[in-house]
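See structure below.
Below, read A as the first sequence line, B as the second, and so on, with proteins coming before strands; counting in each chain starts at 1. Owing to the predicted nature of the structure, the values given are computational and were not obtained by experimental measurement.
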Number of protein chains: 2
Amino acid sequence: MRITYKGDYALKAILDLAIHYHDKPAPVSIQHMAGRLDIPIKFLEQVLLELKKGGFVESRRGKVGGYLLSRPPSEISLGHVVRFIASPVEPIACVEDGYKGCRDIYKCVFREVWQRVSEATMRIVDGVTFSDLLENLNRKDKEQMVYQI
Amino acid sequence: MRITYKGDYALKAILDLAIHYHDKPAPVSIQHMAGRLDIPIKFLEQVLLELKKGGFVESRRGKVGGYLLSRPPSEISLGHVVRFIASPVEPIACVEDGYKGCRDIYKCVFREVWQRVSEATMRIVDGVTFSDLLENLNRKDKEQMVYQI
DNA sequence: GTATACTCTACTATTATAATCAGGATTATA
DNA sequence: TATAATCCTGATTATAATAGTAGAGTATAC
């Protein structure tokens with residue numbers, strides 16, 4: 001698994017929407033989000049469109065428009081998003097679905113290891129939701145305040 | 001972490017040398033290895049040269065020359081090789097050494113997760129040596145024989 | 001009806017990957 | 001000492017992925 005810039009942007013975008021999830025529908029505009037996250041606007045546009053296709057976010061057009069999370073942060077895990085944005089999730093082609101290469105014996109002994117790596121990875125990201133991340137964020141904010149006093 | 005073809009070839013090459021490690025120095029020629037592993041000869045040449053620079057293999061020139069493992073298979077772990085061939089080993093840039101990007105708060109909450117992923121991955125590959133792989137290979141060979149009877 | 005914000009398609013630059021090619025240097029062995 | 005098999009070096013190529021840009025179009029609120 002390798003998280004590209006695009007994937008990283010997608011995760012940060014969802015976290016940003018999670019932060020703004022609390023009260024009544026107040027969509028976050030691409031411009032504002034791009035400013036906060038330091039992402040090129042036109043690139044973030046594409047990212048959000050894909051996330052919409054993936055069912056992670058919704059959009060409102062026109063004035064006062066923008067993007068919203070389509071589910072509460074507690075129901076979105078890192079795993080969900082990673083599977084969507086970081087394909088392939090596997091560390092090597094031979095562990096992916098439908099792989100037909102590798103005619104010989106050698107494939108097998110490595111394959112088992114890559115599968116274990118893949119499973120360990122997914123176990124971690126599946127165990128983290130965006131509300132977990134929000135909590136960590138708040139904790140960090142408080143710690144930082146202590147230092148600032 | 002993502003294992004490329006080149007990396008995959010490197011691992012298979014070392015396993016091939018591990019298989020031929022037993023008796024007195026009988027170097028394995030690139031041609032023979034390339035045939036067994038189904039790898040383009042000139043590409044395998046490059047791979048073996050890099051592995052030599054990495055200290056994993058040695059070479060003998062001239063007639064009856066070829067490549068040899070420079071240490072016994074039990075002293076070479078998958079982790080050693082993966083660190084050498086699969087850079088970056090980390091799942092995302094921000095976990096790599098010397099990273100200076102990501103000015104804002106968001107980096108941190110994801111970073112922890114990527115670090116856990118990275119550690120879990122390395123724990124697995126560090127725990128597997130090429131003599132472990134040889135054992136698995138022999139086990140598989142025996143299983144296959146049973147089916148062939 | 002106009003400003004604002006999302007939607008969609010296409011394009012470009014850069015880099016990595018996976019080879020391939022051509023030739024030179026080295027050395028064990030007959 | 002010739003020679004054959006091998007290692008070694010550097011350049012070149014084709015393809016794909018990645019990161020980002022550009023611009024026209026569509027919906028909505030005021």
For nucleotides 9-16 of chain C, tabulate all protein N/O to nucleotide N/O atom pairs closer than 3.5 Å, reporting atom names and distance.
{"from": "C:dA10", "atom 1": "N6", "to": "A:Gln46", "atom 2": "NE2", "distance (Å)": "3.4"}

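- Put simply, the side chain of A:His32 never gets that close to the backbone of A:Ser29: no donor and acceptor are under 3.5 Å apart.
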Hey, can you pull the donor-acceptor pairs under 3.5 Å for the side chains in residues 47-56 of chain B, sequence neighbours left out?
{"from": "B:Glu50", "atom 1": "OE2", "to": "B:Lys6", "atom 2": "NZ", "distance (Å)": "2.8"}
{"from": "B:Lys52", "atom 1": "NZ", "to": "B:Ser59", "atom 2": "OG", "distance (Å)": "3.0"}

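- Residue B:Met33 contributes atom CE, which lies 19 Å from atom P of D:dA5 at whole-angstrom precision.
- Among residues two or more places apart in sequence or in another chain, the ring-ring contact (aromatic ring centres under 6.0 Å, His included) test is passed with A:Tyr9 by A:Tyr5, A:Phe43.
- For the pair A:Ser59 and C:dT7, the criterion of a side-chain N or O lying under 4.0 Å from OP1 or OP2 is met.
- For the side chain to side chain donor-acceptor pair (under 3.5 Å) test, no residue two or more places apart in sequence or in another chain qualifies with A:Thr4.
- Between A:Tyr9 and the phosphate of D:dA19, there is no side-chain N or O to OP1/OP2 separation shorter than 4.0 Å.
- Backbone-only contact: A:Val28 has heavy atoms under 4.0 Å from sugar-phosphate atoms and none from a base.
- Using a distance-only test at 3.5 Å, with no hydrogens or angles considered, no donor-acceptor pair links the side chain of B:Ser118 to the main chain of B:Trp114.
- Summarising the geometry, the separation between CD1 on B:Ile3 and P on C:dA18 is reported as 11 Å, rounded to the nearest angstrom.
- Within the structure, salt bridge (charged side-chain N to carboxylate O under 4.0 Å, His left out) pairs that include any residue of residues 118-136 of chain B comprise B:Arg83-B:Asp126 (at least two apart or interchain).
- To the nearest angstrom, C1' of C:dT4 lies 14 Å from OH of A:Tyr67.
- Along DNA chain C, the nucleotide closest to B:Gly7 and the one closest to A:Leu48 are compared, and the more 5′ of them pairs with A:Leu48.
- In this view, B:Ser70 and B:Glu58 satisfy the side-chain contact (heavy atoms from CB on, under 4.5 Å) rule, not counting sequence neighbours.
- Residues meeting the salt bridge (charged side-chain N to carboxylate O under 4.0 Å, His left out) test with B:Arg2, sequence neighbours left out: A:Glu96.
- Residue B:Ile85 contributes atom CD1, which lies 14 Å from atom C1' of C:dT17 at whole-angstrom precision.
- For C:dA30, the paired base is D:dT1 (Watson-Crick or G-U wobble, both distances below 3.5 Å).
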- Item | Where protein sits on nucleotides 23-30 of chain D, one letter per nucleotide: B base, S sugar-phosphate only, - none, heavy atoms under 4.0 Å | B-BBBBS-
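- A sub-4.0 Å separation between OP1 or OP2 of D:dC8 and a side-chain N or O of B:Lys52 is present.
- Taking A:Ser131 as the reference, A:Thr129 meet the side chain to side chain donor-acceptor pair (under 3.5 Å) condition, with sequence neighbours excluded.
- Classification of B:Lys12 and B:Asp8 as a salt-bridged pair holds, one side-chain N sitting under 4.0 Å from a carboxylate O.
- Heavy atoms of B:Ile30 sit under 4.0 angstrom from primed sugar atoms or phosphate atoms, though from no base atom.
- Atom P of nucleotide D:dA19 and atom CG of A:Asp8 are separated by 10 Å, given to the nearest angstrom.
- Rounded to whole angstrom, the span from the CG atom of B:Leu44 across to the C1' atom of C:dA19 amounts to 13 Å.
- Checking the phosphate oxygens (OP1, OP2) of D:dA16, no side-chain nitrogen or oxygen of B:Tyr5 falls inside 4.0 Å.
- Spacing between atom CD of A:Glu50 and atom P of D:dG20 amounts to 14 Å, rounded to whole angstrom units.
- With rounding to whole Å, A:His32 atom NE2 is found 7 Å from C:dA5 atom P.
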